[in-house]
Amino acid sequence: MTGSSKYTVRNQDTGKEFQLESRPGTVGPDVVDIRNLFTGQGLFTYDPGFGSTAGCESKITYIDGDAGVLMYRGYPVEQLAGHSSFIEVAYLLLYGELPNKAQLAEFDRTIRMHTMLNESVLRFFDGFHYDAHPMAMVAGVVGSMAAFYHDTTNIADARHRDIFAHRIIAKIPTIAAAAYKHSLGQPFIYPRNDLNYCSNLLHMFYAVPAERYDVDPLAAEALDLLFILHADHEQNCSTSTVRLAGSSGANPYSAISAGIAALWGPAHGGANEAVLDMLEEIGDVKHIPKYLARAKDKNDSFRLMGFGHRVYKNYDPRASIIRETCHKVLTRMGGNQPLFELALRLEEIALKDEYFVEKKLYPNVDFYSGIIYRALGIPKSMFTVMFAIARTVGWCAHWREMITDPDGRIGRPRQLYTGATRRDYVAIEKRG
Ligand code: ACO
């Protein structure tokens, strides 16, 4: 950590000067504190997409996009992926430290205790058309949860905030499974609290009342790993949405629902579904050059899905772990090997292409995740829902941090107004 620095900003036309001060982080770039820029100088900053703006102070996740580093609470994600479990990572993200044995057992027990849904929530699904996109159902049902659990949504009460986080982390797989079963026209399968988080999810997805279903431990293990890698990613679009929605004091279920809606977009979590669509459309290695040419053509809206990232200008560390897992899962479970081989070849060719090299476009977390989901039998329309289940942990951690931040204020960005200046109303009969 370095100390703070002072910057002098000078208006070249008027010669007027003022000072800004930077604040250091524990790692990563300093931030220039501009909180008094408007009240002191009458100036706003302009940063569409927030590429250079730190919207908050956070202790949860750190990314070094140039070095390809991702750490949760200081722990490199590859160490967590190698040694931890999703539930342990959830504890770490929420509470800041790895749990001891007793803490982990208690947290695991608490999450298992909250898996069931109020029966009335389940009846919501009957109102959705059978072919509704599961993300639409999940966002809607999560948003409605405040109507059921309003007795524990006093956001000023730390115990209520805890119960909220435990509830939503425990229930989001149940909601996802209900959406999936509804789309199949199959009966809803109740959670089994003797199973761990991912085994229970697979049970609710694939069991049917008429047959015995045994969870494949390899599938549960692969899912657990994917969930660790998707659990948080600092101030991404959906997390910032959760923070912004929550900053008004809105109930946290609504804030999470807003995050789910933001995640659905193809530039964000919807990319895992879009990657599979793209690979299926490319279909064969011999068509790769045609699609690469399209991705590079400024007049064509086609982008190589699963490539590029706002922050990573190097290999996304999650993508390399997922690529390895993909190989393992496909070898042991059998899966769409040609699709994986096509993805590998596409990556190889793109990474040698001048356009992708120059723009530092590397595979991101979602380039390979869809192939694993497909091998586990999860349909494409559920891919982003899987992402949402994992990211719910990150959203909860950020929402809790935001609510207790002494510097926290309602999120309210300003703008550069370029519309009409003042003008008088013209009666309709006098308009041309
Ligand atoms: N294919 C082709 N060109 C691309 C791609 C791509 N996937 N990604 C970026 N570029 C080009 C852009 O056209 C732009 O070119 P230009 O400078 O000549 O105008 C340049 O690279 C920079 O791209 P931006 O869109 O300005 O970068 P930004 O940081 O705003 O966008 C994003 C990042 C949205 C992830 C982008 O790379 C993209 O659309 N990728 C495909 C979708 C995707 O995989 N999203 C998942 C992201 S990971 C996640 O959210 C879980």
Side-chain angles (χ1 to χ4, degrees), residues 46-53 61 63-66 68 70 72 77 135 226-242 259-282 288-323 343 346-373 380 382-395 398:
Y46 182 65
D47 185 19
F50 310 114
S52 301
T53 297
T61 289
I63 303 172
D64 181 337
D66 291 326
L70 169 61
Y72 296 160
V77 76
M135 280 298 275
L226 285 178
F227 282 6
I228 291 174
L229 299 176
H230 282 89
D232 193 42
H233 213 231
E234 50 116 314
Q235 313 306 326
N236 57 85
C237 175
S238 56
T239 302
S240 299
T241 301
V242 170
I260 294 170
L263 184 74
W264 193 5
H268 191 14
N272 52 16
E273 189 178 338
V275 169
L276 255 265
D277 285 337
M278 178 191 74
L279 290 173
E280 282 167 354
E281 192 184 319
I282 297 175
I288 290 177
K290 185 174 94 192
Y291 282 89
L292 276 193
R294 284 189 59 193
K296 296 190 281 185
D297 181 356
K298 284 277 151 243
N299 300 315
D300 190 328
S301 60
F302 176 80
R303 280 191 168 195
L304 212 54
M305 299 313 287
F307 259 76
H309 198 276
R310 169 60 60 80
V311 180
Y312 292 117
K313 302 302 168 199
N314 199 329
Y315 214 97
D316 179 340
R318 302 166 299 172
S320 36
I321 300 170
I322 291 185
R323 185 170 63 166
L346 179 59
E347 177 193 326
E348 191 187 327
I349 296 174
L351 290 185
K352 285 190 195 132
D353 190 288
E354 207 181 311
Y355 174 95
F356 289 86
V357 172
E358 190 206 313
K359 293 188 188 301
K360 298 188 175 158
L361 299 170
Y362 290 85
N364 60 49
V365 66
D366 282 326
F367 190 64
Y368 290 106
S369 64
I371 300 175
I372 303 184
Y373 288 139
K380 245 187 321 190
M382 287 297 292
F383 289 1
T384 315
V385 174
M386 306 305 281
F387 191 158
I389 296 172
R391 187 55 59 84
T392 293
V393 164
W395 292 330
H398 283 271

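Whatever order the structure lists ligands and atoms in, that order sets their numbers, starting from 1. Along the sequence shown, residues are numbered consecutively beginning with 1. In this text the structure is predicted, and so the values were computed from the model without any measurement.
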Is the shortest N/O to N/O distance between [X] and ligand 1 below 3.5 Å?
| X | answer |
| --- | --- |
| His268 | yes |
| Phe356 | no |
| Gly306 | yes |
| Met305 | no |
| Asn364 | yes |

Ring centroid separation His233 to Phe387 under 6.0 Å
no
Please tell me whether Tyr291 and Phe302 form a close aromatic pair, meaning their ring centres lie under 6.0 Å apart.
yes
[X] side chain to [Y] main-chain N or O, any donor-acceptor pair under 3.5 Å?
| X | Y | answer |
| --- | --- | --- |
| Asp366 | Ala271 | no |
| Asn364 | His309 | no |
| Asp316 | Pro363 | no |
| Arg391 | Ser238 | no |
| Asp353 | Leu351 | no |
| Thr239 | Gln235 | no |

Please determine whether any non-hydrogen atom of [X] lies less than 4.0 Å from an atom of ligand 1.
| X | answer |
| --- | --- |
| Phe367 | no |
| Gly49 | no |
| His230 | no |

Tell me whether the guanidinium CZ or amine NZ of Lys359 lies under 6.0 angstrom from the six-membered ring centre of Tyr355 and within 45° of its axis.
yes
Which residue owns the protein heavy atom closest to [atom], what's the atom, and how far is it?
| atom | answer |
| --- | --- |
| atom 12 (C) of ligand 1 | Arg303 NH2, 3.2 Å |
| atom 35 (C) of ligand 1 | Gly308 O, 3.6 Å |
| atom 4 (C) of ligand 1 | Leu361 CD1, 3.5 Å |
| atom 40 (N) of ligand 1 | Phe307 O, 2.9 Å |
| atom 48 (S) of ligand 1 | His309 CD2, 3.6 Å |
| atom 45 (N) of ligand 1 | Ala267 O, 3.1 Å |

What are the atoms of ligand 1, with element, lying closer than 4.0 Å to any heavy atom of [X]?
| X | value |
| --- | --- |
| Phe387 | 51 (C) |
| Asp366 | 51 (C) |
| Ala271 | 43 (C), 44 (O), 45 (N), 46 (C) |
| Arg310 | 28 (P), 29 (O), 30 (O), 33 (C) |
| Val365 | 51 (C) |

Do any non-hydrogen protein atoms sit less than 4.0 Å from [atom]?
| atom | answer |
| --- | --- |
| atom 17 (O) of ligand 1 | yes |
| atom 22 (C) of ligand 1 | no |
| atom 26 (O) of ligand 1 | no |

Which segment of [X] sits under 4.0 Å of ligand 1 when only heavy atoms are counted:
| X | result |
| --- | --- |
| Lys359 | side chain |
| Asn236 | neither |
| Tyr355 | side chain |
| Lys298 | side chain |

Of the listed options Gly270, Ala350, Ala295, closest to atom 2 (C) of ligand 1 (non-hydrogen atoms)
Ala295
Between Val393 and Asp232, is there a side-chain heavy-atom distance shorter than 4.5 Å?
no
Test log, rule side chain to side chain contact (heavy atoms under 4.5 Å, CB included), inputs Ile63 and Leu70:
CA-CA 5 Å; Ile63 303 172; Leu70 169 61; 3.8 Å; yes
If we count only N and O atoms by modelled type, under 3.5 Å, do the side chains of Tyr373 and Glu273 hold a donor and an acceptor together?
no
Output for pair (Asn272 CG, Ile371 CD1), nearest 0.5 Å, gives 11.5 Å
Verdict with reasoning, Met278 to Phe367, per side chain to side chain contact (heavy atoms under 4.5 Å, CB included)
CA-CA 10 Å; Met278 178 191 74; Phe367 190 64; 4.2 Å; yes
Of all heavy-atom pairs between Arg310 and Gly49, which one has the smallest distance, and what is that distance?
NH1-O, 2.8 Å
